[in-house]
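Let me begin by presenting the structure, written as structure tokens, before commenting on it.
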Amino acid sequence: MPGLEVRSIDYVPLDERHGKLWHLGPLWFMSNAQIATLAVGLIGITEGGNLLWSLVAIVTGTLLGTFFMAFHSAQGPQLGLPQMIQSRPQFGYVGALLVWLFAYVQYAGFNVFNTILAGQALHATVHGGVRLWVAVVTVVALVIALVGYDVIHRAERVLTYVFLVVFGIFTVGVLVNLHYPPGSFDVGGFRWTPFLAQFGVVAGYQISWAIYVSDYSRYLPPGVTVRKTFYWTYFGSALGGIWLMVLGALLAAWAGKDFDTIRSINAAGDQVFDGFGAVVLLFAALGLVSVTALNMYGGSLTLISAIDSFRKVRPTLLVRLLTIGLTAALSLVGALAATAHFLENFNDFLLLVLYLFIPWTAVNLMDYYVVRRGHYAVAEIFNPRGIYGRWGAHGIIAYLVGFAVMIPFFSVGTLFVGPAAKALGGADISLFVGLPVSALLYWGLSRSIDVAAEQRIADAEAAELERAAHEHR
């Protein structure tokens, strides 16, 4: 099959690097500009906040969360590796399983939600039953994920252009035709609890992309700058996220207790002209197919990485097929078995994602930008007895301590409210606790690392790394 990707967790050699830096913009724009993201913008309204402060929380939460996510993107061209395999220098060859397990659960959780939404959108427009369309969406996404990197980039660029037209018209219709409850834009309607709930979920949603980002920049040549890679990723992701989350808040405020993602989009679209709601839903389903493919692709890379921790894996096309197939199957089973209870608690799922990945992103970015400053012996990342060890005590300790100090500040709906969160009236500020604690603790523990010695090993192994990559091909 032309364009079929053969690489997975292995290093991408320099002569296979290709693509244009600006391609990151539409990829991350469209990855966020789909209706699963729209659902993230409801939290402030459903928690009793007014529309104005929900919009402020959405914008500020997105700008903060995307900041961390985009810095991960810049690692891809420099290392030529997918994102999660880069956790080995901080957590160790086996120790990185700690975060890989959480990452795989995230991929599965998002895919269950995405495929159900796509099935509902297609059933509402062309009928046939939600379960049938869930299966169709899963199969199509599997094929896209299998073909891999280039087709995913190309599909997201095409979808971006169509999105700007379809959702541009839809957004104008929402702004012009819908009416909002009294007090929606009252500055005096500020309340800490719904504001921080919305802010935390939005920031967590954006940070949750951090486990993907260098997967889709790792084929770029290393000559692209960190700054430009950051900018294209940041603005693409932030604009797509803010657009859809703001739409979600506007629709939730307009529909009130009658809000339902699919029905409300359909009704708001028909306010523009009869039948336009169906057009919006059909295109929204395509967006959900594309992001489901991203999750399958990333889930496959994470699963291969995990298996490789126990038994050395030669990342062949067959291994890619098997791991993508397994990830798709788990997603399908989860979606078919999911209940309305799962969908109602998507907010709680997003908060749990935030909690699990705040310490990881702090450790990973501190290691890359401050401790090792981008200098890694890539070949050693694949060596079970290499310089990074089997267990990275510094990373594991910093992660666990950072997570532990966040627990009193957790506020997860009716599931758990920590004592510090109760004292703050239910407000969740765990993000502002876990990030600095994990980052600073890792920095303090890692000051003994001999980065210069590691760089000498990297220089000595560079030629062999390129040769081995070509041999695999």
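Position 1 is the first residue of the sequence; numbering continues from there. Excluded from the calculations below are hydrogen atoms, water molecules and symmetry mates; all remaining heavy atoms, backbone and side chain alike, are included.
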* Stepwise, does the salt bridge (charged side-chain N to carboxylate O under 4.0 Å, His left out) test hold for Arg88 with Glu380? -> CA-CA 9 Å; Arg88 279 180 175 167; Glu380 295 297 301; over 6 Å; no
* **Parallel, tilted or perpendicular: rings of Tyr368 and Tyr376 (30°, 60°)** => parallel
* Side-chain donor or acceptor of Trp133 paired with backbone N/O of His127 under 3.5 Å -> yes
* Structure fact -> dist Gln78:CD -> Leu220:CG (nearest 0.5 Å) comes out at 10.0 Å
* To do: Name the orientation class of the two ring planes belonging to Tyr149 and Tyr219 (parallel below 30°, tilted from 30 to 60°, perpendicular beyond 60°).
  => tilted
* Distance (rounded to the nearest 0.5 Å) between Ser87 OG and Ile381 CD1 -> 9.5 Å
* Ser309 side chain near Trp100 side chain, heavy-atom distance below 4.5 Å -> yes
* **Donor-acceptor pair between His394 and Asp367 side chains, under 3.5 angstrom** => no
* **Residues which pass ring pair (Phe, Tyr, Trp, His ring centres under 6.0 Å) with His72, listed by chain and number, not counting sequence neighbours** => Trp360
* **Tyr216/Tyr212 under ring pair (Phe, Tyr, Trp, His ring centres under 6.0 Å): CA gap, chis, key distance, verdict** => CA-CA 7 Å; Tyr216 298 100; Tyr212 301 65; 7.3 Å; no
* Structure fact -> CD of Gln106 to CG of Asn111, rounded to nearest 0.5 Å, is 10.5 Å
* Hey, is the main chain of Ser73 close enough, under 3.5 Å, to the side chain of Thr229 for a donor-acceptor pair? -> no
* To do: For atom CZ of Arg263, decide whether the heavy atoms of other residues, nucleotides or ligands shown that lie under 6.0 angstrom number more than 12.
  => no
